[in-house]
Amino acid sequence: MESQAVFSVIEVVLNRPLFQCFDYKLEGSYADDIVGARVEVNIAGSREIGIIYKVKQDSSLPFAKLKSARLLDNKDIFAPDVHKMLSFASKYYLYPLGQCYVSALPKLLRDGKEAAYGEIPALAATKEGLEADVKNIKAKVQAQILTLLKEGPVRRKELRERGFSAQAENALIKKGFAVKVNLALSLKATQSTAAPSVLKEEPPVLNPEQSVAVETICAAKGYQAFLLNGVTGSGKTEVYLQVIAAVLRKGQSALVLVPEIALTPQTFERFYNRFNVPVSSMHSALSDRERLDAFLDMQRGGPAILIGTRSALFTPIPNLGLIVIDEEHDGSFKQTDGFRYHARSLALVRAKAAGCKIILGSATPSLESVENALCGKFTKLDLTIRAGGASLPQFKLIDLKNEPLTPGIKTGIGLELENRIGEETARGNQVLLFLNRRGYSHHLFCPHCGKIFTCPNCDNPLTVHKNEGRLKCHVCDNVFAMPVVCPDCGSREFMENGYGTEQVEEFLRLRYPDVGIERIDRDSVNSKAELEKRLERIKEGKSKIMLGTQMLAKGHDFPDVTLVGILDIDSGLFSDDFRALESTAQLLTQVSGRAGRAQKQGEVIIQSYHPENELLNRLITPNIAYFDIALDLLLIRKNLNLPPFSYQAFLLSNSEDRVKAFAYLQELNSCLQKKAGTYEGLSLGPVISDKMEKRHNRYHFHILVSAIRRDVLNAFLNETVKIEQDNPPKNDVRFAIEVDPLFLY
């Protein structure tokens with residue numbers, strides 16, 4: 001007689017907008033060690049990948065009605081601290097648990113592919129390469145690559161991140177010095193052994209403030225959060241590196257989160273050069289295969305480092321000893337669609353769950369972090385001395401109302417700044433000009449009938465890109481040909497309004513024809529290799545003037561920059577967003593930090609039509625630190641009952657049909673208004689249009705919910721979810737909740 005098959009009952013979470021789990025049966029007897037493994041299941045006639053959330057004794061459904069699941073992994077592919085973090089995130093951000101789990105996986109695992117290495121393209125030195133004298137290789141880049149290969153095979157992904165081009169790699173292959181290899185053949189998904197020494201090179205001697213910071217962090221046991229508040233150029237990265245070294249020596253791993261903009265070859269180089277342990281990365285420039293490889297790299301255990309943007313936070317790291325969030329104030333740590341989490345908030349949750357230390361570093365900490373330091377949740381460590389003895393720059397505020405109407409002023413460069421640029425470049429120094437506005441001019445209009453050319457998909461004026469002869473929408477990225485005839489009145493004459501980096505560059509090239517100029521923004525730089533090429537020209541002194549947007553403002557070290565010019569500060573001073581002053585203070589401090597990084601004295605020129613502005617004058621006062629300004633801004637927030645002294649969420653809807661998008665939110669608001677009065681200190685706003693109502697051909701509306709207490713807001717949002725689930729949006733109407741929004745809608 002055949003023995004009857006044994007089945008286990010499992011609870012599965014799926015990639016569905018539903019706040020519930022689903023029961024399935026799984027052939028075989030299993031314990032909790034498969035919680036977190038993937039299964040393939042049938043739901044509503046389609047095959048889906050789900051995650052096992054629980055192994056149960058029985059189900060509320062009759063056993064005969066349970067569908068079978070197919071096990072894809074023989075163990076948990078997450079980690080205990082990641083499970084706790086995702087469970088918290090689902091409750092906090094009111095986002096279905098199954099969708100939180102699926103968001104945390106690399107795409108190939110979401111698609112049901114095997115959790116195993118595929119081919120890992122790498123380069124290895126041949127016998128000829130190992131014997132070759134790198135001094136005889138004329139091409140500098142090829143010599144640098146061969147020097148690395150002499151130490152052992154290197155992944156091509158690593159070479160790319162360090163700024164080396166495929167062209168240079170292929171040249172080495174052609175010369176017979178290197179050969180393509182597949183590193184996956186030598187990797188096993190087992191625990192890697194610790195290197196004899198975690199360091200490749202001797203670290204520099206720390207200054208007294210850095211030493212105190214490193215010693216304080218290293219002495220902490222278990223979970224503790226540190227706010228590393230260091231002026232620009234004070235050596236925060238060196239503190240991270242030395243704390244990471246201490247963690248690695250204990251056989252633990254480190255997770256380093258950085259804004260996407262900070263992932264430059266310079267960043268990777270410091271980690272690859274310093275440490276003798278595996279360094280993995282996770283960011284948007286990687287292929288799906290490379291993301292899975294990084295996921296598997298960290299799963300293997302042993303001391304290792306993962307550097308990545310916000311999504312790297314979900315990577316399983318079994319022996320996590322430290323989390324670092326560099327530039328913790330940066331807005332890119334907030335996900336603004338789908339699973340709308342903030343990586344800083346969730347990193348704190350993960351660190352607590354893992355019992356490890358977390359460092360939040362910034363020259364301009366967010367007001368939320370400043371408040372957490374003031375109330376004792378974070379331990380604040382200060383770095384006030386700039387590396388190499390460099391002094392802080394001097395500031396000069398120029399009243400543009402007094403400037404003559406020169407050709408330069410039409411592109412945002414007043415006469416005094418124009419003259420100072422000429423003086424500094426003549427001395428052989430470098431100048432950095434900051435303008436956070438791409439394109440040639442803000443928009444194109446017809447002077448005869450007043451028509452402004454706007455994007456047909458968005459309520460957004462089209463930006464003129466003169467070099468390309470096109471109009472671009474900076475919201476949906478649609479591109480249009482320059483008009484020949486006005487469609488409204490038939491005129492063939494057009495005018496441009498406002499200026500962007502492209503127009504400023506045009507003026508600079510005419511005004512300073514003998515000086516190299518680098519424009520660095522999303523239009524002129526579309527790859528890491530292109531960025532590295534431009535940075536190399538700046539480093540070598542071939543280019544004396546740098547002009548750019550935020551891409552240039554953060555994380556770069558330019559020792560020969562003695563003058564920084566801020567072309568348009570006013571747009572950040574007058575805004576309906578209560579965070580605008582904080583953002584302006586951060587940006588001004590960050591950009592100013594590029595001046596006077598070495599032994600040369602730096603100067604920052606700020607042009608404004610409102611030189612009497614209180615914040616501007618506070619920012620340029622000698623010996624006033626950003627932290628002092630943050631305290632002033634916090635006091636304003638406290639008096640107005642704004643975050644972090646209250647808590648906010650947006651209820652959002654959008655649709656291709658304007659009436660339907662508004663009607664759904666209006667109906668929901670009617671239900672919620674009846675209940676809002678029972679929640680102490682809660683305020684529920686009306687349904688209003690987003691600032692840009694039409695985006696990507698969809699109409700957007702929102703309701704602002706504010707509360708004095710976090711638990712009150714969360715309880716109200718949970719009730720909102722129940723009402724929404726009972727009355728889900730129909731047709732193409734989409735609904736979302738955004739908790740702790742960073743940006744106004």
Side-chain angles (χ1 to χ4, degrees), residues 106-108 117-187 258 260-273 278-297 306-309 312 518 520-540 542-543 551 556:
K107 185 177 184 303
L108 293 181
Y117 290 107
E119 183 189 355
I120 301 178
L123 284 192
T126 58
K127 185 170 179 289
E128 291 81 1
L130 291 169
E131 291 170 356
D133 186 348
V134 290
K135 290 175 187 169
N136 296 332
I137 298 176
K138 289 179 184 175
K140 181 182 162 189
V141 175
Q142 291 176 36
Q144 289 172 333
I145 296 172
L146 189 56
T147 303
L148 289 174
L149 297 183
K150 281 175 179 280
E151 295 174 19
V154 181
R155 294 185 192 200
R156 296 195 83 163
K157 176 185 92 144
E158 179 183 328
L159 293 171
R160 195 168 69 240
E161 286 169 341
R162 293 175 85 151
F164 298 119
S165 67
Q167 191 181 356
E169 295 166 30
N170 292 334
L172 278 178
I173 295 169
K174 202 171 178 182
K175 288 176 181 174
F177 291 155
V179 65
K180 293 179 185 177
V181 293
N182 177 9
L183 268 192
L185 301 174
S186 60
L187 281 175
V258 295
E260 185 79 47
I261 210 165
L263 276 176
T264 61
Q266 187 183 359
T267 302
F268 286 116
E269 198 69 17
R270 293 188 79 164
F271 284 88
Y272 285 126
N273 285 344
V279 177
S280 288
S281 62
M282 201 170 276
H283 50 86
S284 63
L286 300 183
S287 67
D288 292 338
R289 182 71 250 176
E290 287 169 334
R291 280 172 172 263
L292 176 53
D293 289 346
F295 188 91
L296 297 170
D297 286 345
L306 177 66
I307 308 169
T309 48
E518 298 295 340
I520 296 180
D521 57 30
R522 257 181 59 202
D523 299 313
S524 62
V525 176
N526 50 25
S527 70
K528 292 276 193 297
E530 178 63 29
L531 175 62
E532 183 60 15
K533 205 185 295 177
R534 288 169 186 255
L535 292 175
E536 193 62 29
R537 286 200 291 264
I538 294 164
K539 204 168 155 187
E540 291 172 357
K542 291 175 184 172
S543 298
M551 280 184 82
H556 301 295

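Using a 4.5 Å heavy-atom threshold, the side chains of Asp297 and Pro278 count as separate. Between Asp293 and Arg155 the shortest side-chain heavy-atom distance falls below 4.5 Å. Taking the side chain as every heavy atom from C-beta outward, Gln142 and Lys175 approach each other to under 4.5 Å. The side-chain heavy atoms of Asp288 and Leu292, taken from C-beta on, include no pair separated by under 4.5 Å. Looking at Leu286 and Glu161, their side chains come closer than 4.5 Å, going by heavy atoms from C-beta outward. Here the side chains of Lys180 and Arg156 are in contact, with some heavy-atom distance below 4.5 Å.
Side-chain N or O atoms of Asn182 include none that pairs as donor or acceptor with a backbone N or O of Pro121 at under 3.5 Å. With hydrogens and angles disregarded, a donor-acceptor distance shorter than 3.5 Å links the side chain of Lys150 to the backbone of Ala132. Here the side chain of Arg160 pairs no donor or acceptor atom with the backbone of Ser165 at under 3.5 angstrom. Tyr272 places no side-chain N or O within donor-acceptor distance of the main-chain N or O of Leu159, the cut-off being under 3.5 Å. A donor-acceptor pair under 3.5 Å is formed between the side chain of Thr126 and the backbone N or O of Gly176.
Under a cut-off of 6.0 angstrom, the local environment of CD in Glu540 is crowded, with over 12 non-hydrogen atoms contributed by other residues, nucleotides or ligands. By the 6.0 Å contact criterion, CZ on Arg537 is enclosed, its count of non-hydrogen atoms from other residues, nucleotides or ligands being greater than 12.
Atom OG of Ser281 is separated from atom CG of Leu306 by 7.5 Å, given to the nearest 0.5 angstrom. To the nearest 0.5 Å, atoms NZ (Lys140) and CD (Glu536) are separated by 5.0 Å. With rounding to the nearest 0.5 Å, the separation of CZ in Phe164 from CD in Glu158 is 9.0 Å. Atoms CZ and CE, from Arg291 and Met282 in turn, are 6.5 Å apart once rounded to the nearest 0.5 Å.
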Working note: Phe177 + Ile137, criterion side chain to side chain contact (heavy atoms under 4.5 Å, CB included); need CA distance, chi angles, decisive distance, verdict. CA-CA 11 Å; Phe177 291 155; Ile137 298 176; 4.0 Å; yes
Residue pair Lys157, Glu290: steps toward the salt bridge (Lys or Arg N to Asp or Glu O under 4.0 Å) verdict: CA-CA 8 Å; Lys157 176 185 92 144; Glu290 287 169 334; over 6 Å; no
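Taking both residues in full, the closest heavy atoms of Asn273 and Arg162 are given as OD1-NH2, 2.6 Å, listed atom of the first, atom of the second, then distance. Summarising the geometry of Ala168 relative to Ile145, their closest heavy-atom pair is CB-CD1, 3.8 Å, with the distance given to 0.1 Å. For Glu518 against Ser543, the heavy-atom pair with the smallest separation is OE2-OG, 2.7 Å. Of all non-hydrogen atoms in Leu146 and Ala125, the two that sit nearest each other are CD1-CB, 4.5 Å.
A side-chain contact (heavy atoms from CB on, under 4.5 Å) with Leu123 holds for exactly one of Leu172, Ile173, Val154, Val181; it is Ile173.
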